Asks: 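Below are the structure tokens for one structure; questions will follow.
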Number of protein chains: 2
Amino acid sequence: MQKHPNLRMTRQRQVILEELRKVNTHPSADELYEMVRKRLPRISLGTVYRNLEVLSESGEIKKLEPGCSLKRFDGNPSEHFHIRCIRCDRIADVPMASDLEIDLADMTPTEYEILGHRLEFFGLCPYCSNNSKTDANRS
Amino acid sequence: MQKHPNLRMTRQRQVILEELRKVNTHPSADELYEMVRKRLPRISLGTVYRNLEVLSESGEIKKLEPGCSLKRFDGNPSEHFHIRCIRCDRIADVPMASDLEIDLADMTPTEYEILGHRLEFFGLCPYCSNNSKTDANRS
DNA sequence: AAAAATTTTGAATAACAGTTTCAATTTTAA
DNA sequence: TTAAAATTGAAACTGTTATTCAAAATTTTT
């Protein structure tokens with residue numbers, strides 16, 4: 001069942017994975033570091049970065065690279081889209097009709113060998129959307 | 001004709017814009033800095049960054065924020081897609097049938113207020129595609 | 001056109017996310 | 001149980017981008 005049998009599961013790696021899977025908030029490495037620290041106070045930020053890299057390479061988790069802002073991580077590696085709030089950078093899953101896969105790649109005349117695409121939605125999260133109605137002047 | 005009438009066009013800003021419009025290689029700030037330096041040897045990198053920001057905010061140019069790697073800039077601000085080489089990070093325009101706009105945003109049930117989407121293709125540029133056939137072992 | 005107010009510049013420095021190094025420790029294999 | 005390999009914590013380091021500030025340039029007001 002394990003895709004990458006040579007992936008050692010150290011305590012640190014295990015806790016990072018567990019904590020990430022607990023939430024659906026797509027935390028950044030730093031946020032995850034704070035979460036993990038409650039269980040492993042002596043863990044270092046470098047270890048978190050390293051393991052997030054390893055875990056996403058092995059397909060256990062997904063590394064999100066949203067336009068502009070810092071990387072975030074998703075414990076759910078199955079194919080789905082995301083939407084990012086342009087105000088607060090929060091990221092949410094977009095529950096999308098599964099048969100709605102885009103098949104644009106076929107019809108794009110380019111010299112490149114197309115391997116895939118990335119589609120990211122952006123907009124306003126409920127919180128920022130509400131606030132923007134009253135909060136006209138933002139910095 | 002000018003979208004933002006209070007945008008001053010200083011010599012530096014003008015040259016940055018001209019050099020960017022000369023090419024279709026989507027240079028990074030640093031690459032553009034080198035290009036501009038040939039005409040304005042005393043310009044500073046900070047000025048380049050500042051002006052790329054100003055120009056993209058005013059809509060004169062487009063700031064590309066490809067997954068992961070560093071920002072790049074496009075002198076053509078009109079709507080079109082890009083493809084990025086996963087090997088060398090080169091970015092090219094994707095000439096796409098204009099009527100092929102995706103209208104996924106309608107059908108995504110989310111609490112977010114969707115304002116737009118970003119679609120980026122990735123693959124191998126012709127150069128890297130050729131090389132990968134012989135060059136099996138890469139670092 | 002001169003003076004005052006505003007913006008932009010160059011140069012240097014800071015901020016920041018992310019990576020790398022390395023000796024010490026832990027885990028796996030022999 | 002010993003040897004080999006991978007991982008860790010701590011710290012230093014990278015590279016990109018942002019910021020600071022006095023000086024210079026530009027615009028506006030007189």
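Reckoned from all heavy atoms, side chains included, excluding hydrogens, waters and symmetry mates. Treat the numbers as computed from the prediction; the structure is a model and nothing was measured.
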Asks: Between A/Ile91 and B/Ile114, is there shared hydrophobic-cluster membership here, with clusters defined by ILVMFWY side-chain heavy atoms closer than 4.5 Å?
Replies: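 In one cluster: no.
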Asks: Tell me whether B/Arg21 is salt-bridged to B/Glu60, with the criterion being a basic N under 4.0 Å from an acidic carboxylate O.
Replies: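 Between B/Glu60 and B/Arg21 there is a salt bridge, with a charged N closer than 4.0 Å to a carboxylate O.
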Asks: Would you mind reading off the distance between A/Leu52 atom CG and D/dT8 atom P, rounded to a whole angstrom?
Replies: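 These atoms are roughly 11 Å apart.
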Asks: Write down the distance between CG (A/Leu55) and P (D/dT8), rounded to a whole number of angstrom.
Replies: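 It works out to 10 Å between those atoms.
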Asks: In residues 30-38 of chain A, which ones come under 4.0 Å of DNA chain D, going by heavy atoms?
Replies: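 Here the set is empty: none.
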Asks: For the pair B/Lys63 and B/Glu57, find out whether any cationic side-chain nitrogen is under 4.0 Å from an anionic carboxylate oxygen.
Replies: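 The answer is no: the pair does not qualify as a salt bridge.
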Asks: Is there a path of hydrophobic side-chain contacts, each under 4.5 Å between heavy atoms of I/L/V/M/F/W/Y residues, joining A/Ile16 to A/Leu64?
Replies: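 No, it is not one cluster - the side chains of A/Leu64 and A/Ile16 are not joined through contacts under 4.5 Å.
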Asks: By nearest heavy atom, map B/Arg13 and B/Pro41 onto DNA chain C; which one lands nearer the 5' end?
Replies: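 The residue mapped nearer the 5' terminus is B/Arg13.
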Asks: From B/Glu120 CD over to B/Phe81 CZ, what is the distance, rounded to the nearest 0.5 angstrom?
Replies: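 Rounded to the nearest 0.5 Å, the CD-CZ separation comes to 11.5 Å.
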Asks: Report yes if a side-chain nitrogen or oxygen of B/Gln12 is closer than 4.0 Å to either non-bridging phosphate oxygen (OP1 or OP2) of C/dG10; otherwise report no.
Replies: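 For C/dG10, OP1/OP2 do have a side-chain N/O of B/Gln12 under 4.0 Å.
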Asks: For the pair made of CZ in B/Arg42 and P in D/dA23, what is the distance, rounded to whole Å?
Replies: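 The distance from CZ of B/Arg42 to P of D/dA23 comes to 15 Å, rounded to the nearest Å.
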Asks: Suppose we screen for side-chain hydrogen bond (donor to acceptor under 3.5 Å, both in side chains). Which residues come up paired with B/Lys62, at least two apart in sequence or across chains?
Replies: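 side-chain hydrogen bond (donor to acceptor under 3.5 Å, both in side chains) list for B/Lys62, sorted by chain: empty.
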Asks: How bent is the helix from C/dA1-D/dT30 to C/dA30-D/dT1, measuring the angle between the end axes built from five pairs each, rounded to 10°?
Replies: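 Roughly 30°, once rounded to the nearest ten degrees.
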Asks: Would you please name every residue forming a side-chain hydrogen bond (donor to acceptor under 3.5 Å, both in side chains) with A/Gln14, sequence neighbours left out?
Replies: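 Applying side-chain hydrogen bond (donor to acceptor under 3.5 Å, both in side chains) to A/Gln14 gives A/Glu18.
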Asks: Would you mind reading off the distance between B/Gln14 atom CD and C/dT9 atom P, rounded to a whole angstrom?
Replies: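 Between P of C/dT9 and CD of B/Gln14: 12 Å.
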Asks: What does the list of N/O pairs under 3.5 Å between the protein and nucleotides 13-15 of chain C look like, with a distance for each?
Replies:
none

Asks: Hey, which sits more toward the 5' end of DNA chain D by its nearest nucleotide, A/Leu40 or B/Phe73?
Replies: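 That would be A/Leu40.
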Asks: What residues form a side-chain hydrogen bond (donor to acceptor under 3.5 Å, both in side chains) with B/Ser44, not counting sequence neighbours?
Replies: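 With neighbours one apart ignored, the set is B/Thr47.
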Asks: Calculate the interatomic distance between B/Leu64 atom CG and D/dT16 atom P; express it in whole Å.
Replies: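 Distance check: B/Leu64 CG to D/dT16 P gives 16 Å.
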Asks: Going by side-chain hydrogen bond (donor to acceptor under 3.5 Å, both in side chains), name the residues that satisfy it together with B/Asn24, two or more places apart in sequence or in a different chain.
Replies: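 In terms of side-chain hydrogen bond (donor to acceptor under 3.5 Å, both in side chains), with neighbours along the sequence ignored, B/Asn24 is linked to no residue.
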Asks: Counting distance only, does the side-chain N/O of A/His26 pair as donor-acceptor with the main-chain N or O of A/Asp74 below 3.5 Å?
Replies: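 The answer is no, because no donor-acceptor pair under 3.5 Å joins these two groups.
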Asks: How would you list, by chain and number, every residue that makes a salt bridge (Lys or Arg N to Asp or Glu O under 4.0 Å) with A/Asp89, sequence neighbours excluded?
Replies: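 A/Asp89 satisfies salt bridge (Lys or Arg N to Asp or Glu O under 4.0 Å) with A/Arg84 only.
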Asks: Anything under 3.5 Å between a protein N or O and an N or O of nucleotides 19-30 of chain C, put it in a table, one pair a line.
Replies:
unit_1	atom_1	unit_2	atom_2	d
C/dT21	O4	A/Arg50	NH1	3.1

Asks: Only counting residues at least two apart or in another chain, list the ones meeting side chain to side chain contact (heavy atoms under 4.5 Å, CB included) with B/Leu70.
Replies: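 Once residues adjacent in sequence are excluded, the partners of B/Leu70 under the side chain to side chain contact (heavy atoms under 4.5 Å, CB included) criterion are B/Ser28, B/Arg72.
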Asks: Excluding sequence neighbours, so at least two apart, what forms salt bridge (Lys or Arg N to Asp or Glu O under 4.0 Å) with A/Arg50?
Replies: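 Applying salt bridge (Lys or Arg N to Asp or Glu O under 4.0 Å) to A/Arg50 gives none.
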Asks: Among the nucleotides C/dT8, C/dA11, D/dT17, which one has an atom lying closest to any side-chain atom of B/Leu70?
Replies: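 Side chain of B/Leu70 sits closest to D/dT17.
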Asks: In chain order, what residues pass the salt bridge (Lys or Arg N to Asp or Glu O under 4.0 Å) check against B/Arg90, with sequence neighbours excluded?
Replies: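 Per chain and number, B/Arg90 pairs via salt bridge (Lys or Arg N to Asp or Glu O under 4.0 Å) with no residue.
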Asks: Could you tell me the separation between the CD atom of B/Glu65 and the P atom of C/dA17, rounded to a whole number of Å?
Replies: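 Taking CD of B/Glu65 and P of C/dA17, I get 16 Å after rounding.
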